[in-house]
There are 2 protein chains.
Amino acid sequence: MRVADHPQAGRRGRPPGTSARELELISLRLFTEDGFDETTVERIATAAGVSKRTFFRYFDSKADVLWHAFDGEVRALRAALRAIRADVPMMEAIRQAVVGVNRYRAQDVPELRTRMNLIGSVPALQASAAQHYDAWERAISEFAAGRLGLAADTLYPLAIGRATLAVCRSAYEQWAERADADLTVYLDQALHAVSVGFDPSRLRQ
Amino acid sequence: MRVADHPQAGRRGRPPGTSARELELISLRLFTEDGFDETTVERIATAAGVSKRTFFRYFDSKADVLWHAFDGEVRALRAALRAIRADVPMMEAIRQAVVGVNRYRAQDVPELRTRMNLIGSVPALQASAAQHYDAWERAISEFAAGRLGLAADTLYPLAIGRATLAVCRSAYEQWAERADADLTVYLDQALHAVSVGFDPSRLRQ
DNA sequence: ACGTTAATCGTCATCGCGTGACGAAATCAA
DNA sequence: TTGATTTCGTCACGCGATGACGATTAACGT
């Protein structure tokens, strides 16, 4: 967690020499061109016209630069869950909320797909995923805890949060490598599957 | 993946100065005493009477030393899945297999709990989890793929493998921090929950 | 116009992880 | 004893990440 990005008027001090977004775009390009491990932070920083030290003032690690966008969507997920009416069944509510916050504009799709392909193929990035997924899982867990009347750190809410993320990650990856359908279709299918307990006779074809 | 540990008779060459198991026990002790981040590989190696370089000949990273035991259990899981009769429903088969390979002897429980507490609390260890979980997930995915008549890298098998791991991790953690029941009880409860789609009216109290 | 305050940045030093290269040590076999 | 084999230690190095500290750049107050 770093990255302020608050373009404030009337602020003092030396103006930023770059932005988190610029570092993100440069990193994305270099990672796809040369590979994640082969791209040093020094190179990214130089390409952005700043020093290596400055990069680490924007992001806590080299991997975090790719999770910038994802982190912001947790707030959207929480808001979507709050907006669901109380008479919608729990797993159906989760499905609606998750699918709702994953409707991307067409112009954002290529970058999203590039990012997910990197995350899905580079071990160092998969390793960095855990801490970023944590907040997402908790959002689901706390919603489930409220519905079930349990604490969020007990078995069922925890399991629901993680299982939900698990199937969504599968949907993301299928969508990222194949390009034959909308992301929401995959998510909807995956979340439907978990809500019927993966019962083969109830899985959609 | 490293760690040979093949005590071969009639072999040539200089005998090993330590073993993976010894390094594992020493690491476990130092990690709990001083913390994972505070314990350098240099210290572990010195405590084992070898050099830092030798540690990295046994394990690929400092974190991997804690996953040594876990990696070995994937083979057991695959075998357990193969042994399930074909007329047992898919999710029920998975539940039986997972619970079956997680019956630990009483004397192994303290070390297991120590390891899981570390993995659950140290970010660097959580990050290292991804690559070790991968083989476990694939074992489940491939079993599900066989039952569903699908490829293992398609949505449903992938989702089943990951969701299964997700709820099992929740069970592991609940068991590791509370100490009020057998691990298999938590696992059974978590796997039952996913098999009924987390339907509140069908969750056990 | 000038000094003050505030924010960002660059440089430098440092630590630890992880890896490659290469020779030394220890054991068995011929 | 000699040679082959296996493990080990030393050395060097690159890179990620962090702390300290002074230099830059701008707005603000007088």
Side-chain angles (χ1 to χ4, degrees), chain A residues 1-23 26-27 30-31 34-67 122-131, chain B residues 1-23 26-27 30-31 34-67 122-128 131:
Chain A
M1 195 70 91
R2 196 71 61 97
V3 178
D5 256 343
H6 286 177
Q8 218 153 350
R11 53 172 290 292
R12 298 228 222 179
R14 174 175 176 171
T18 183
S19 66
R21 178 61 179 159
E22 185 187 359
L23 288 173
I26 292 175
S27 301
L30 294 178
F31 289 165
D34 305 337
F36 179 83
D37 293 321
E38 289 72 23
T39 305
T40 66
V41 174
E42 178 69 39
R43 274 211 62 203
I44 301 172
T46 302
V50 296
S51 71
K52 183 181 72 168
R53 192 63 181 88
T54 293
F55 177 95
F56 285 112
R57 288 199 178 94
Y58 281 80
F59 299 99
D60 287 332
S61 74
K62 184 169 88 163
D64 276 12
V65 70
L66 281 191
W67 294 98
V122 179
L125 289 172
Q126 294 171 354
S128 71
Q131 60 186 108
Chain B
M1 196 72 89
R2 194 73 59 98
V3 180
D5 257 343
H6 285 177
Q8 217 153 352
R11 50 174 291 292
R12 298 226 224 177
R14 173 176 176 170
T18 181
S19 67
R21 178 60 180 163
E22 185 186 2
L23 288 174
I26 291 175
S27 301
L30 293 178
F31 290 165
D34 305 339
F36 179 83
D37 293 322
E38 289 72 21
T39 305
T40 66
V41 174
E42 179 69 39
R43 274 209 63 202
I44 301 171
T46 302
V50 296
S51 72
K52 182 183 74 169
R53 192 65 182 86
T54 293
F55 177 94
F56 286 112
R57 287 197 178 96
Y58 281 80
F59 298 100
D60 287 331
S61 73
K62 183 169 88 162
D64 276 11
V65 71
L66 281 190
W67 294 97
V122 179
L125 289 172
Q126 294 170 355
S128 72
Q131 60 186 107

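Throughout, a chain's letter reflects where its sequence line sits, starting with A, and its residues are numbered from 1. Side chains are part of it too, since the values below use all heavy atoms of this structure and drop only hydrogens, waters and symmetry mates.
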*Please step through side chain to side chain contact (heavy atoms under 4.5 Å, CB included) for the pair A:Tyr58 and A:Glu22, ending with a clear verdict.*
CA-CA 11 Å; A:Tyr58 281 80; A:Glu22 185 187 359; over 6 Å; no
*Are B:Arg43 and B:Asp34 side-chain neighbours, meaning at least one heavy-atom pair lies under 4.5 Å?*
yes
_Euclidean distance, A:Lys52 NZ relative to A:Ile44 CD1, rounded to 0.5 Å_ = 12.0 Å
_Stepwise side chain to side chain contact (heavy atoms under 4.5 Å, CB included) test for A:Thr18 and A:Phe55_ = CA-CA 9 Å; A:Thr18 183; A:Phe55 177 95; over 6 Å; no
*asked:* Whether B:Thr54 contacts D:dG9 is assessed here as follows: a side-chain N or O lying under 4.0 Å from the phosphate OP1 or OP2. Is that the case?
replied: yes
_Nearest-nucleotide 5' precedence on DNA chain C, A:Arg53 against B:Phe55_ = A:Arg53
*Could you state the CD-P distance from B:Glu38 to D:dT18, rounded to the nearest angstrom?*
14 Å
*Would a distance-only check, ignoring hydrogens and angles, find a side-chain to backbone donor-acceptor pair under 3.5 Å from A:Arg11 to A:Arg14?*
yes
*Report the distance from atom CG of A:Asp64 to atom C1' of D:dG16, rounded to the nearest whole Å.*
12 Å
_Does the protein touch nucleotides 22-30 of chain D at the base, only the backbone, or not at all? Give it as B, S and - per nucleotide, heavy atoms under 4.0 Å._
--BBBBS--
_Checking the side chain of A:Lys62 only, and the main-chain atoms of A:Thr39 only, is there a donor and an acceptor separated by less than 3.5 Å?_
yes
*Got a sec, which residues hit side-chain hydrogen bond (donor to acceptor under 3.5 Å, both in side chains) with A:Arg53, two or more places apart in sequence or on another chain?*
none
*Side-chain N or O of A:Tyr58 less than 4.0 angstrom from OP1 or OP2 on C:dC9?*
yes
Find every protein N or O atom lying less than 3.5 Å from an N or O atom of nucleotides 14-17 of chain C, and list the pairs.
| residue | atom | partner | partner atom | Å |
| --- | --- | --- | --- | --- |
| C:dC17 | OP1 | B:Val41 | N | 3.3 |
| C:dC17 | OP1 | B:Lys62 | NZ | 3.2 |
| C:dC17 | OP2 | B:Val41 | N | 3.4 |

*Hey, mind stepping through A:Leu66 and A:Phe31 against side chain to side chain contact (heavy atoms under 4.5 Å, CB included) and telling me if it holds?*
CA-CA 10 Å; A:Leu66 281 191; A:Phe31 289 165; 4.0 Å; yes
